[in-house]
Amino acid sequence: SKAPVRVAVTGAAGQIGYSLLFRIASGEMLGKDQPVILQLLDLPHAQKAVKGVMMELEDCAFPLLAGMIATDDPNVAFKDAKVALLVGARPRGPGMERKDLLTENAKIFTVQGAAIGQYADPDCKVLVVGNPCNTNAYIAKEVAQKYGRVPAKNFTGMLRLDHNRALSQLAAKSGRDVSSLKSLVVWGNHSPTMYADYRFVTSNGDNVKGLINDEAWNKDVFLPTVGKRGAAIIEARGLSSAASAANAAIDHIHDWVLGTNGEWVTMGIPSDGSYGIPEGIIYGFPVTTENGEYKIVQGLEIDAFSRERMTHTLNELLEEREGVKDLLG
Ligand code: NAI
């Protein structure tokens, strides 16, 4: 049988953690033949709650759960991790400005980027879920590069929830099975500015944009619905998306590690300059994955409407980068 893989999860006592950990331990993320060791990080005051989650994990008697640790020390949590899910983040408190949110999180992701850079497995695949996730991933990536061990391309941000939300909206509108939909991409930042681009989506060979045949729906319904879905969930549930966010994190890592067989998924990844997106910015791109490596889908035509949307979400990311520049030195 396979050697266990160490999976670090931060914010382990939180809502997303509670939906995520059980699915990792059951084999849904890395495969039903891959044992895992969970390395759980949370703040000192949350250690008791993490212990409670560990008790429940024990009570599931998962055959693939080969071990668990709980810690408040990032250097311990990320030690030898092959997968790191950075879920814990500082939420926006009352009276906190966007700028404060950015800088408070920048402090967290500076520390965690340094820990990953020094102690994680050199092939560690990092997914940042905690918001603002693109810029948090950018910070962790930049800091980790100082140690020259874990490559920049391994630092990713989560656009997959936006991708899955968009797929569901398209399935409902077109009347096609969600599983039949291929070649969607969500460009840019995980924020209401993201651009869910349905122009290339097919279902059993049919172009879905053609099937829907309603240009106004794209602009007036589809994009706002996907963009504001997070707020709509909060409004309905009184809490932010958690199970769907955990599901998206599972999908992101599953597909990155196990491959997409030529199909596109959206990942927030450091740009290599493709599609005119400045190098290094963590931006949602269409990718295919094979043997644990992702590749950006190239050669897509960008029309004027798409370019405008892609630039708008890029500008937000450039502003966020500007906001944390001083902290990165
Ligand atoms: P939560 O508040 O229920 O849990 C967060 C946990 O992180 C808490 O246990 C907290 O103690 C911990 N934490 C805070 N700072 C930490 C640090 N420095 N190190 C380790 N742990 C730390 O929040 P929830 O609902 O689980 O969401 C977590 C994050 O995920 C939020 O930032 C949220 O905005 C983000 N999110 C991102 C989505 C995406 O699509 N990228 C979707 C939904 C949520």
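Under the 3.5 Å distance criterion, the side-chain polar atoms of Arg160 are left unmatched by any main-chain donor or acceptor of Ile250. Proximity of a side-chain donor or acceptor of Gln112 to a complementary backbone N or O of Ala140 within less than 3.5 Å is not detected. Remark: the backbone N or O of Ser180 is not paired with any side-chain donor or acceptor of Asp177 at under 3.5 angstrom. With Asp42 contributing its side chain and Ala12 its backbone, the two residues share a donor-acceptor pair below 3.5 Å. The backbone N or O of Lys82 lies less than 3.5 Å from no partner atom in the side chain of Asp123, so there is not a single donor-acceptor pair. A donor-acceptor pair is defined here as one N or O able to donate and one able to accept, closer than 3.5 Å; such a pair exists between the side chain of Thr289 and the backbone of Asp255. The backbone N or O of Leu223 lies less than 3.5 Å from no partner atom in the side chain of Lys228, so there is not a single donor-acceptor pair. Of the possible donor and acceptor atoms, one in the side chain of Arg176 sits under 3.5 Å from a partner among the backbone N and O of Ser203. Counting only distance, with no hydrogens or angles, the side chain of Lys141 and the backbone of Gly280 share a donor-acceptor pair below 3.5 Å. Remark: side-chain polar atoms of Thr10 are paired, donor with acceptor, to backbone N or O of Val87 under 3.5 angstrom.
Here the shortest heavy-atom pairing between Ala245 and Ile16 reads CB-CD1, 3.7 Å. The two residues Ala144 and Phe155 come nearest to each other via the heavy atoms CB-CZ, 3.4 Å. Minimum interatomic distance between Val36 and Ala25 (heavy atoms only, all atoms of both residues): CG2-CA, 4.2 Å. The heavy-atom pair separating Ala242 from Arg237 by the smallest distance is CB-NH2, 3.9 Å. For the pair Pro224 and Val221, the tightest heavy-atom approach, listed with the atom from each and the gap, is CD-O, 3.4 Å. Between Ala49 and Ala13 the shortest heavy-atom distance is CB-CB, 3.9 Å.
Taken from CD1 in Ile116 to OH in Tyr147, the straight-line distance is 11.5 Å, to the nearest 0.5 Å. In this structure, Ile139 CD1 and Lys107 NZ are separated by 11.5 Å, a value rounded to the nearest 0.5 Å. The OH atom of Tyr198 sits 6.0 Å away from atom CD1 of Ile212, with the distance rounded to the nearest 0.5 Å. Interatomic distance, His252 NE2 to Asn164 CG, rounded to the nearest 0.5 Å: 12.0 Å. The structure places NZ of Lys295 at 6.5 Å from CD of Glu290, a figure rounded to the nearest 0.5 Å. Taking OG1 from Thr266 and CG from Leu161, the interatomic distance works out to 11.5 Å, rounded to the nearest 0.5 Å.
Side-chain atoms of His190 and Asp162, non-hydrogen and from C-beta on, do get closer than 4.5 Å to each other. You'll find the side chain of Lys79 stays beyond 4.5 Å of the side chain of Arg6, heavy atoms only. Glu320 has its side chain within reach of Asn189: a pair of non-hydrogen atoms, C-beta onward, lies under 4.5 Å apart. The shortest distance between side-chain heavy atoms of Asn105 and Pro132 falls below 4.5 Å. Counting only heavy atoms from C-beta outward, the side chains of Tyr195 and His312 never approach each other to under 4.5 Å. Between Pro270 and Tyr138 the shortest side-chain heavy-atom distance does not fall below 4.5 Å. Counting heavy atoms from C-beta on, the side chains of Ile282 and Thr156 never come closer than 4.5 Å. By the 4.5 Å heavy-atom criterion applied to side chains, Leu41 and Val76 are not counted as neighbours.
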Quiz item: Passes side-chain contact (heavy atoms from CB on, under 4.5 Å), Val7 versus Leu30? Steps please.
Solution: CA-CA 10 Å; Val7 178; Leu30 296 176; 3.9 Å; yes

Exercise. Applying side-chain contact (heavy atoms from CB on, under 4.5 Å), run through Lys125 and Tyr294 and close with a yes or a no.
Key: CA-CA 11 Å; Lys125 289 179 161 59; Tyr294 59 78; over 6 Å; no

Quiz item: Do Arg199 and Asn218 pass the side chain to side chain donor-acceptor pair (under 3.5 Å) test, and can you show the C-alpha distance, the side-chain angles, and the key distance before you say yes or no?
Solution: CA-CA 10 Å; Arg199 294 175 302 140; Asn218 181 39; over 6 Å; no

Practice problem: Test side-chain contact (heavy atoms from CB on, under 4.5 Å) on Phe285 and Ile277 and set out the steps. | Solution: CA-CA 10 Å; Phe285 280 102; Ile277 306 307; 3.9 Å; yes

Quiz prompt | CA sep, side-chain torsions, deciding dist, call: Leu21, Leu40, side-chain contact (heavy atoms from CB on, under 4.5 Å) | solution = CA-CA 9 Å; Leu21 296 171; Leu40 308 178; 3.6 Å; yes

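Taken together through direct or relayed side-chain contacts under 4.5 Å among Ile, Leu, Val, Met, Phe, Trp and Tyr, Val9 and Val5 form part of one hydrophobic cluster. The hydrophobic clustering, which links ILVMFWY residues whose side-chain heavy atoms are closer than 4.5 Å, places Leu184 and Ile269 together. Leu314 and Leu300 fall within the same hydrophobic cluster, defined by Ile, Leu, Val, Met, Phe, Trp and Tyr side-chain heavy atoms under 4.5 Å apart, directly or through other members. Note: the hydrophobic cluster containing Met54 does not contain Leu43 (ILVMFWY, side chain heavy atoms under 4.5 Å, direct or indirect links). Hydrophobic clustering (side-chain heavy atoms under 4.5 Å, transitive across Ile, Leu, Val, Met, Phe, Trp, Tyr) keeps Leu86 apart from Leu20.
Salt-bridge check for Lys2 with Asp33: passed, with a basic side-chain N closer than 4.0 Å to an acidic carboxylate O.
Using modelled atom types and a 3.5 Å distance limit, the side chains of Gln169 and Thr225 yield no donor-acceptor pair. In summary, the side chains of Asp73 and Thr71 do not present any donor paired with an acceptor at a separation below 3.5 Å, with no hydrogens or angles considered. Side chains of Arg165 and Ser241: a donor on one and an acceptor on the other come within 3.5 Å.
No more than 12 heavy atoms of other residues, nucleotides or ligands lie within 6.0 Å of CG in Asn261, so this atom counts as exposed by the packing criterion. By the neighbour-count criterion of 12 heavy atoms within 6.0 Å, atom CD of Glu215 is sparsely surrounded, having that number or fewer from other residues, nucleotides or ligands. No more than 12 heavy atoms of other residues, nucleotides or ligands lie within 6.0 Å of NZ in Lys325, so this atom counts as exposed by the packing criterion.
Between Trp264 and Phe200, the angle of the ring planes lies from 30° to 60°, which puts this pair in the tilted group.
Annotation: side-chain contact (heavy atoms from CB on, under 4.5 Å) contacts of Ala115 (sequence neighbours excluded): Pro74, Asn75, Phe78. Here Thr311 pairs with Arg307, Asn315 under the side-chain contact (heavy atoms from CB on, under 4.5 Å) rule; sequence neighbours left out.
Annotation: ring pair (Phe, Tyr, Trp, His ring centres under 6.0 Å) contacts involving residues 12-49, sequence neighbours excluded, comprise Tyr18-Phe22.
Between Glu104 and the choices Lys99, Arg92, Arg90, Arg98, the salt bridge (Lys or Arg N to Asp or Glu O under 4.0 Å) rule is met once, by Arg90.
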